[in-house]
Number of protein chains: 4
Amino acid sequence: MGSLRQRSGRSGRPGRARDASDTDARTRILDAAEKLFAGVGYEATPTAEIARLAEVPKGLVFHYFPRKIDVLVTLIDERTLVEESPEVEAVPGDAAGTLSRLARRLPLSASPAMRRILFREADTHGSVRDRLGRLNGEIIRRARFALELALPTRRGDAARLEVAAVTFAAVLLYQENLCQLTGHHIDPDAVAELIAHALG
Amino acid sequence: MGSLRQRSGRSGRPGRARDASDTDARTRILDAAEKLFAGVGYEATPTAEIARLAEVPKGLVFHYFPRKIDVLVTLIDERTLVEESPEVEAVPGDAAGTLSRLARRLPLSASPAMRRILFREADTHGSVRDRLGRLNGEIIRRARFALELALPTRRGDAARLEVAAVTFAAVLLYQENLCQLTGHHIDPDAVAELIAHALG
Amino acid sequence: MGSLRQRSGRSGRPGRARDASDTDARTRILDAAEKLFAGVGYEATPTAEIARLAEVPKGLVFHYFPRKIDVLVTLIDERTLVEESPEVEAVPGDAAGTLSRLARRLPLSASPAMRRILFREADTHGSVRDRLGRLNGEIIRRARFALELALPTRRGDAARLEVAAVTFAAVLLYQENLCQLTGHHIDPDAVAELIAHALG
Amino acid sequence: MGSLRQRSGRSGRPGRARDASDTDARTRILDAAEKLFAGVGYEATPTAEIARLAEVPKGLVFHYFPRKIDVLVTLIDERTLVEESPEVEAVPGDAAGTLSRLARRLPLSASPAMRRILFREADTHGSVRDRLGRLNGEIIRRARFALELALPTRRGDAARLEVAAVTFAAVLLYQENLCQLTGHHIDPDAVAELIAHALG
DNA sequence: GATGAATGAGGGTTCATTCAT
DNA sequence: GATGAATGAACCCTCATTCAT
């Protein structure tokens, strides 16, 4: 379900061990929503169902999240993090390996369910779309940066490098999103190798 | 189902000019749904709104399409066509150009609105997902075929060629789908050139 | 489906052999309605379903029967007949046997389906209720008459005989109706014997 | 489910006199449904009408009874009770009187409206049919038991006694149901006397 | 006469949201 | 703060009935 960033354990005394039923109501609501939104989608999830799964009274959902959309926004807000620090470990001379490493660790802290939500609900609310856009931008930026560092000389103009970065980002996102729909798989490592070869 | 389109002007005398109110009610319903589904999505479109936009009474929508989902399914069925004939014009020695031409004419007969629906509602119904999967498969098949023909010799193994095909398909779909969400643009020609270079 | 009292074979030339698809549309509509009303009830039967089963266009149902209720009324009218002639074969001295014979041949010409309709839809329309009432009355009348003839002397006052007649009618009607609901069976012959014994 | 009745006056201060608008919304809904179902039948009663008569918003009906049929089922469940204890007061030697007493107090706790519903809607739902079947069975059982006790000696075989019990049950149920339809009345006392005479 | 498209008034049901307790 | 009854606007869908052809 991803890291929950427990909000101080409203219901348990500090220092006490935490078990499922002890988790704070707000967290349980978000957990439930995450599972449901990922499974059947935001629109198809009634708030009452969230409350039921979270084992909290229906009114409490609206106590914490005045509008239903706030649950989604909060989920995106608290449970997806696009890492925008420029920490890219690029190995000069190894463009393919550098891209592979990027593929292996997307600059995105989010559970699989949250990733699903991020793609599936991009149409639902601006904040989700923004987050997805930021993720895309960050991947491109990292890919670009990695390639710049990794490539021996500035062989090939900057434009081609940009295309390579964008293409790689497309593949990574595609892998998470449309692959699920179409059933086709892509091996990011192979793509990394292909791109490195194109630029090499 | 199958292609209709030749339902023609039941309501107009032959030879008369056709305007909106002259077309088939069923066609007007599909037109309205196409516009609305593309704009705000299937779930967010009430059937009453479809009827209003189509200028038909609400009941008539259900006369033609017993369930709301049938409107979507019919739309996909009748207004998107994945061309699965192997007519790929590959120019030996010009992989980049061949891919570019493929990009310029996706094996998909569909209005921009229908394309949007195809991507946006892939989660909504299996038939949409299937169609999208078929499109993806066909693009990959064509890209592969084009590259096989275009490349001078079998330089590089078949696996790399496959990766190139899949990558190119990813980019094309990405362009139609996620680009819309993230705002990033890709120049398919540049990607074609990149890939050709990688294999060349 | 009971006797259909074919209305002159509108669709076939006279003298031609009749087969199912040859039956006149009005008759097929009534046949279909009889089956459906008996099966799921009048309210739960859409006229469209009648038309479908009858294999006639929907509009034709309303051509013959301007209102839906007219189908039911016509069915009752044409396909149930309460025989009100006083033809009761009573055997003096054999009250039990006389009642048994009455039980065996109710003064009602109607298919099992029509009987079901007669009971089930008694609430739906006055004409059905009337017919049922007439049937009940006729059974009582016959039972009374039979007993009067069958019993050796006027032992027991007229009141008791009346009670016996009414009771017997109740049992006969009950047998067709509530028995179906509760699953309990009654043997009319045994009741006849019981009543005869009570009066004997 | 089970018996409620003790939901009491959530909305009234203790000690206050209770009037219609003071009762539980759930109770008012059931009251309204009882009246309407008895009057025009289950199918012909829109839920909106129930809400109107109960003076509650339409949505509240579905808050308590997710499906319309649940209103009927609950009504049967909570407002009809078939007494299945074997408390039959039989007076030896007085079969007629014993049956009469049984007739006077059916083993059924239910308002006249609920009785009407019980008979009228036996086709509508299995639970209603079951309840009616149980009632019928209980009446038969009691009648049999009463006759066994009341009759001086085991004159007449058990079979005849069984027939008498079933007949009497038929008359009692018939009295409530078909009588209403046909307008014919039966005097249970007279039938009791008739049956007693038959067995005596 | 025969036909099926057209019509629109509900019907049951859902559900986000409010609010008194 | 916490709760679940209360609210009502929509929503999908049904269906008797009409009517132009």
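Just so it is clear, the values below take in all heavy atoms, side chains as well, and ignore hydrogens, waters and symmetry mates. Order of the sequence lines sets the chain letters (A, B, ...), proteins ahead of strands, with each chain counted from 1.
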query: Sequence neighbours excluded, which residues qualify as side chain to side chain contact (heavy atoms under 4.5 Å, CB included) partners of D:Arg131?
result: D:Ile76, D:Asp77, D:Thr80, D:Val82, D:Leu118, D:Arg134
- prompt: Can you name the salt bridge (charged side-chain N to carboxylate O under 4.0 Å, His left out) partners of D:Arg129, sequence neighbours left out?
  reply: none
- request: Examine F:dG1: is either OP1 or OP2 under 4.0 Å from a nitrogen or oxygen in the side chain of A:Tyr64? Give yes or no.
  value: no
Might you list the N or O atoms of the protein lying below 3.5 Å from N or O atoms in nucleotides 19-21 of chain E, with each pair's distance?
none

A:His125: side chain to side chain donor-acceptor pair (under 3.5 Å) partners, not counting sequence neighbours: A:Ser127
message: List the residues meeting side chain to side chain contact (heavy atoms under 4.5 Å, CB included) with C:Arg116, not counting sequence neighbours, and say none if there are none.
response: C:Ala38, C:Arg120, C:Gln180, D:Asp123
- line: Between D:Pro57 and B:Lys68, the residue closer to the 5' end of DNA chain F by nearest nucleotide is D:Pro57
- request: Supply the atom-to-atom distance B:Ile50 CD1 to B:Ile29 CD1, rounded to the nearest 0.5 angstrom.
  value: 8.5 Å
task: Can you sort out the partners of A:Thr74 under side chain to side chain contact (heavy atoms under 4.5 Å, CB included), two or more places apart, ordered by chain and number?
output: A:Arg26, A:Leu30, A:Phe65, A:Glu78
field: Selection: residues 38-51 of chain A, any non-hydrogen atom under 4.0 Å of DNA chain E
entry: A:Thr45, A:Pro46, A:Thr47
message: Enumerate the side-chain hydrogen bond (donor to acceptor under 3.5 Å, both in side chains) contacts for residues 31-42 of chain D, please, sequence neighbours excluded, ordered by first and then second residue.
response: D:Asp31-D:Arg79, D:Glu34-D:Arg79, D:Glu34-D:Ser111
Closest non-hydrogen atom pair between D:Ala33 and D:Val71, with its separation: CB-CG1, 3.4 Å
- prompt: Under a cut-off of 3.5 Å for both distances of each Watson-Crick or G-U pair, what dot-bracket string does DNA chain F give, using [ ] for crossing pairs and | for inter-strand pairs?
  reply: .||||||||||||||||||||
- prompt: According to a strict under-4.0 Å criterion, is D:Arg67 in side-chain N/O contact with OP1 or OP2 of E:dT14?
  reply: yes
query: Whole-Å distance between F:dG1 C1' and A:Asp24 CG?
result: 13 Å
- prompt: Does F:dA5 have OP1 or OP2 sitting under 4.0 Å from an N or O in the side chain of D:His63?
  reply: yes
message: Whole angstroms only, please: what is the CZ-C1' distance between C:Arg52 and F:dC15?
response: 11 Å
query: CD1 of A:Ile29 versus C1' of F:dA2: gap in Å, rounded?
result: 11 Å
B:Phe62: partners by side chain to side chain contact (heavy atoms under 4.5 Å, CB included), with sequence neighbours left out: B:Thr47
- request: Report the residues that fulfil side chain to side chain donor-acceptor pair (under 3.5 Å) with B:Thr124, sequence neighbours left out, ordered by chain and then residue number.
  value: B:Glu121
query: Taking only residues at least two apart or on different chains, which pairs with a member in residues 41-53 of chain A satisfy salt bridge (charged side-chain N to carboxylate O under 4.0 Å, His left out)?
result: A:Glu49-A:Arg52
message: Considering every strand and a 4.0 Å limit on heavy-atom distances, what is the contact class for C:Lys58: base, sugar-phosphate, or nothing?
response: base
